[in-house]
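Everything below concerns the one structure shown next.
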Amino acid sequence: MSRRYQVTLHGTGFSVPVEGDKPIRGFYTIRRVLADSPEEAEQSAIATLEQEERYRGLLETTERESGSRTGCRVRVDSIGHLSWWRWCFTRYSPSFIFYGDDENDG
């Protein structure tokens, strides 16, 4: 039987310019999925993200800026079960929290 999971994903290795600010180098985002195991939840959350237009745009911009997208990675930062109550009645936003480097690349 499927369970409800909340998966926090961490993307790294991006290079997306931001006018008047440091380039975007990574992000955090949350996805909620139904799965039979934590491993399946991880795979489902990443697959869902990879189908999203905004994520594909980050990859394309990184490739334009740096000539490659091979350094772009997405991994699970955390994963947890959600109760039926939280799944149905708490707010959820699949938005991105972006960050840039504080130090020089290297």
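Because only heavy atoms are used, hydrogens play no part in the values below, and waters and symmetry mates are left out as well, while side chains stay in.
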Hey, can you tell me if Phe98 and Phe96 have their rings parallel, tilted or perpendicular (30° and 60° cut-offs)?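 Phe98 vs Phe96 ring planes: parallel.
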
Return the orientation label for the Phe27 and Tyr55 ring planes: parallel under 30°, perpendicular over 60°, tilted otherwise. perpendicular

Short side-chain to backbone donor-acceptor contact, [X] and [Y], under 3.5 Å:
X: Arg56; Y: Gln51; value: yes
X: Arg25; Y: Tyr99; value: no
X: Asp77; Y: Leu9; value: no
X: Ser66; Y: Thr62; value: yes

When hydrophobic residues are tied together by side-chain contacts of less than 4.5 Å, even through go-betweens, does [X] share a cluster with [Y]?
X: Tyr28; Y: Leu58; value: no
X: Tyr92; Y: Val7; value: no
X: Val33; Y: Leu82; value: no
X: Leu59; Y: Val18; value: yes
X: Trp87; Y: Ile30; value: no

Atom of Ser95, atom of Thr29 and distance for their closest heavy-atom approach: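 Closest approach of Ser95 to Thr29, heavy atoms only: O-OG1, 2.8 Å.
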
Check for me whether Arg64 meets the cation-pi criterion with Phe14, that is, NZ or CZ under 6.0 Å from the six-membered ring centre and within 45 degrees of the ring axis.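 No, Arg64 does not lie over the aromatic ring of Phe14.
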
